[in-house]
Each structure stands twice: as structure tokens, then as C-alpha cells.
Amino acid sequence: MAGLFIKRTEHSSALLPSVNRIDSTVTKLSSSPLSKLGEFGLISRIAGRVSGHESVVTGIGDDAAVTALSTGMQLLTSTDMLLEDVHFRRAWHDPYRLGRKSLAVSISDIAAMGGIPRWALLSLAIPAGLSLDFIDDFMRGFLGMAAENQVFLIGGDTCSSRSGLTLSVTIMGEQYPDLIVRRSGALPDDDIWVTGTLGDAALGLKVAEEAGSCRPAGDTSSLCCPPGPPGLEGPDTLLSRLLDPTPRVAVGRLLAEAGLVSAMVDISDGVLADFGHIAEQSGVGGCIRIDDLPLSVDFRSQTAALAAIPYQLALSGGEDYELCFTACRSNREKIIDCVKKSGIAVTRIGIVSSSLEVTAVSFDGRPYNNGTDGFNHFT
Ligand code: ADP
Ligand code: MG
């Protein structure tokens, strides 16, 4: 497939979208290795690193990709944008982990439906001055995350940006129709569960922000974890939950394929807000017990000196990329058993109610005043 567009490199003098190519006054990239490579050279470079799979009939290089769904399965599709200084900061996020995360957050959406992630499209709007090393490291992270999840990159779009790096990832997955889990299936009296631990990413961000620890913009010297903020215990666990989240594909699939859950969502904006989506779509409400929220050892040790546990980070902190699901009470033991294979713990944190309200309560049953409902782009 790569040969198809290698022939077109005569058009690749600058990494500019076609609308801009006729306007010689628009910002052009300097004569960096990236600008010399140009749009089609870069696409060719990316394509050269992509591995094939029997499900990818036609990959990068044609006008559209052709993929083969497994017999009897339906297609799941989701897309996410990541904007510099809205979703990430280049000063914080090394390109390798930015590449991993940009795909991980999309895979997480497929996991939340109990789907099997399969194919991805990657669109890049690249600002002037971004180095080829940055793109190479970004792609190494992206394709590493893809390989870990048997996802294949089948296309995308590449253009220049006048305002920061913009990444857009479209993920496709598949699953048998009866096994797909939606947000809309929760029933009153179901248990509310979550995978893993909550609040680590939010605490990692808070601690790092307070310590002012970030690597200088453009510094790609080290691809492993940057040193954590002073005082952070453990091997940067909290910060790596923020910078390098793991999508819960295996546990999502196990639960869906065992038919044990009634609704599911991934937690990107805090469990309170994301369970709120289940509640809204299912026409129910729910009560979350804050003392049952699963907190990591690192979270507990990092907050041990505080007068009160900052439960709001676990309720509304965001970027956990765990799964929140609901299930009939009679499935409790089966659920614990079913997820064992994944190595990820699951915890019951509340009960679905028939009243439409979503609340959080303290151990004494009093409403917990959370102060915030989670991250929202327009407030
Ligand atoms: P068109 O102009 O027909 O949209 P493009 O020249 O933009 O095609 O892209 C050529 C091929 O390269 C297509 O198969 C497209 O999906 C793929 N492609 C473009 N950018 C990327 C990218 N960033 N990552 C992966 N594939 C890409
Ligand atoms: Mg295009």
C-alpha cells in the first residue's frame, strides 16, 4: 500500500493542508527534517512502521481503508480529539506517552462497551517547529499501545496547525450484538461497581502542579518516566496513571462476554459524572458510598497527612480510565470470579435507585458535599 503514495511525494514540499498550499504567505514550517519530509513523506514513514493483519484488507495508502469484520459481529466506532493545552501540555507529556495515551483513551471507549478493539485512524495537525523526533517518539508510543491491544492503524489525515498540536483518534472495534453493553441498561437495586482504583491520576496531577515539576517544553531526552514531583512515594505510580493510562479491555470483555453486567461506561470525567451518564441513559439514579471508593496504596500514603481523605479526587477527579458498571445483586460472586483472570480488582461502590438523583454519601449516611461534578469543557 505504501507504494501508492510514495509516488506522490513531489507534492510534499511543505506539511500544509491543501487549502493552504496555494497561499504562499501562510506560515510555513522551517526547513526542518519534518518539513523536508513533507506530508506524504511523513505518511510513508508512519506506514512503514505499521504491521498488517488479516482483518486489514487495504490499509494506509488508498482513499479509504477496507477491513473485514468477524462473522456475526457488529462495528463499534468512537472518536476523540486531544488538543494541546486543553487535554495535554507538551511541557508535561513526553511524546512517547502522549502517543500511548492518545490511543489508550479511545481504546477505553471500546472497552466500556465490552468490545474488542481492532482498528484505528490517526489524524495529526502539526504546528510549525515540532521536531521529527517528537513525531517519531509519539508514533512509537501510539504503535506500542496499538500492538499491546492488537489494534491496527489503517489510516488518518495529516496537516499543519497554526495553533498547537491537535490529535484525533478514531477507534473501531467489534462484538456480537447480544454482548455489547450500553449505558442504558441499569436497573433499580443493581449494584454499582468500578474496576481498579480511583483518583490516582487526579492526585498525581495535583501533586505535580503544586510541586511545579514538569519537564521543559520539547525536551524528549528521556522516554521513561520523568522524575516524579518531590515527595511522591512509589515509582511515579500516581503520575503514570495520569500520563500513561491502561485501558481496561480484558475486564470489559470478560464482564460483557459473561453477560453479567447491565450497563457500563469508562471513567474519564470522574465516577460521579460518568455514573451520571449511566443514570441518565437508564432513567435511574444512584447512591455512591464514598468510604467504599477503591483508593490505591499510593493515594492513601500521599494523602495520609491531610485532615480528611480528599474523596472528591476519587469521585470527580477524572482521567482514571477505569470502568464503572452496574449489575444485578445476584451476580456478585460470579463477577468477582469472572474478572480474576484479568488481574484487575473490582469494587462495589453503591446501589442504583429508582429516583433520578445521583448522590454520594459518607460512612454515616450523610450526603457528601463533593463541591464539583467532574470536568466539563464549557463551565
Ligand atoms: P486523501 O487526500 O485522499 O484524504 P491523504 O493523502 O490524506 O488521502 O492520505 C493518504 C493515505 O494516508 C490515506 O490512506 C490516509 O488514511 C493515510 N494517512 C494520512 N495521514 C495519516 C496518519 N497520520 N496516520 C496514518 N495514516 C494516515
Ligand atoms: Mg486526507
Side-chain angles (χ1 to χ4, degrees), residues 1-23 29 32-53 55-68 75 77-84 87-88 90 93 95-96 98-107 117-147 149-162 164-173:
M1 284 302 105
L4 288 174
F5 54 83
I6 283 169
K7 284 186 202 135
R8 295 163 64 192
T9 47
E10 65 265 22
H11 301 298
S12 63
S13 55
L15 191 68
L16 295 168
S18 42
V19 66
N20 285 348
R21 286 195 194 112
I22 47 173
D23 178 1
L29 301 176
S32 64
L34 184 54
S35 72
K36 285 196 195 111
L37 198 60
E39 176 184 343
F40 299 114
L42 179 59
I43 295 171
S44 175
R45 194 178 176 93
I46 292 172
R49 289 168 193 184
V50 168
S51 47
H53 185 254
S55 68
V56 183
V57 183
T58 302
I60 296 174
D62 217 314
D63 289 309
V66 183
T67 51
L75 183 67
T77 313
S78 169
T79 197
D80 279 297
M81 289 209 297
L82 280 114
L83 274 68
E84 186 171 349
H87 301 96
F88 68 91
R90 253 194 285 160
H93 234 124
Y96 173 74
L98 183 61
R100 289 181 61 79
K101 183 170 178 176
S102 65
L103 181 57
V105 301
S106 290
I107 291 176
R118 292 279 195 219
W119 312 288
L121 295 154
L122 169 65
S123 296
L124 302 168
I126 300 170
L130 197 79
S131 72
L132 186 56
D133 282 350
F134 186 101
I135 306 274
D136 281 346
D137 291 341
F138 173 88
M139 287 311 305
R140 211 161 57 79
F142 185 96
L143 294 174
M145 176 60 66
N149 290 279
Q150 290 92 52
V151 166
F152 299 92
L153 181 62
I154 58 167
D157 201 14
T158 304
C159 65
S160 66
S161 163
R162 297 185 202 186
L165 176 63
T166 295
L167 311 162
S168 171
V169 177
T170 299
I171 185 86
M172 284 169 277

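Nothing here was measured: the structure is a model prediction, and the numbers come from that model. Indexing begins at 1, ligand by ligand and atom by atom, following the structure's order.
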I60 heavy atoms within 4.0 Å reach ligand 1 at atoms 12 (O), 14 (O), 17 (C), 25 (C), 26 (N)

Which of the listed options, D63, I154, T158, holds the heavy atom that is closest to atom 20 (N) of ligand 1?
T158

Could you check L167, I126, L143, D133 and say which one makes a side chain to side chain contact (heavy atoms under 4.5 Å, CB included) with F138?
L167

Would you kindly specify which portion of D62 sits under 4.0 Å from ligand 1, judged on non-hydrogen atoms: side chain, backbone, both or neither?
backbone

Indicate, as side chain, backbone, both or neither, the part of I43 found under 4.0 angstrom from ligand 1 when only non-hydrogen atoms are considered.
side chain

Taking the six-membered ring for Trp, are F88 and H93 parallel (under 30°), tilted (30 to 60°) or perpendicular (over 60°)?
perpendicular

Interfacing atoms of ligand 1 (cut-off 4.0 Å, heavy-atom, D157):
7 (O), 19 (C), 20 (N), 21 (C), 23 (N)

G156 to ligand 1: N or O pair under 3.5 Å?
yes

Partners passing salt bridge (Lys or Arg N to Asp or Glu O under 4.0 Å) against D80 (at least two apart in sequence or in another chain)
none

With respect to L122, determine whether any N or O atom, backbone or side chain, lies less than 3.5 Å from an N or O atom of ligand 1.
yes

Separation between NE2 of H87 and CG of L98, rounded to the nearest 0.5 Å
11.5 Å

Straight-line distance of I171 CD1 to L103 CG, nearest 0.5 Å
5.0 Å

Any side-chain heavy atom of M172 within less than 4.5 Å of one from I154?
yes

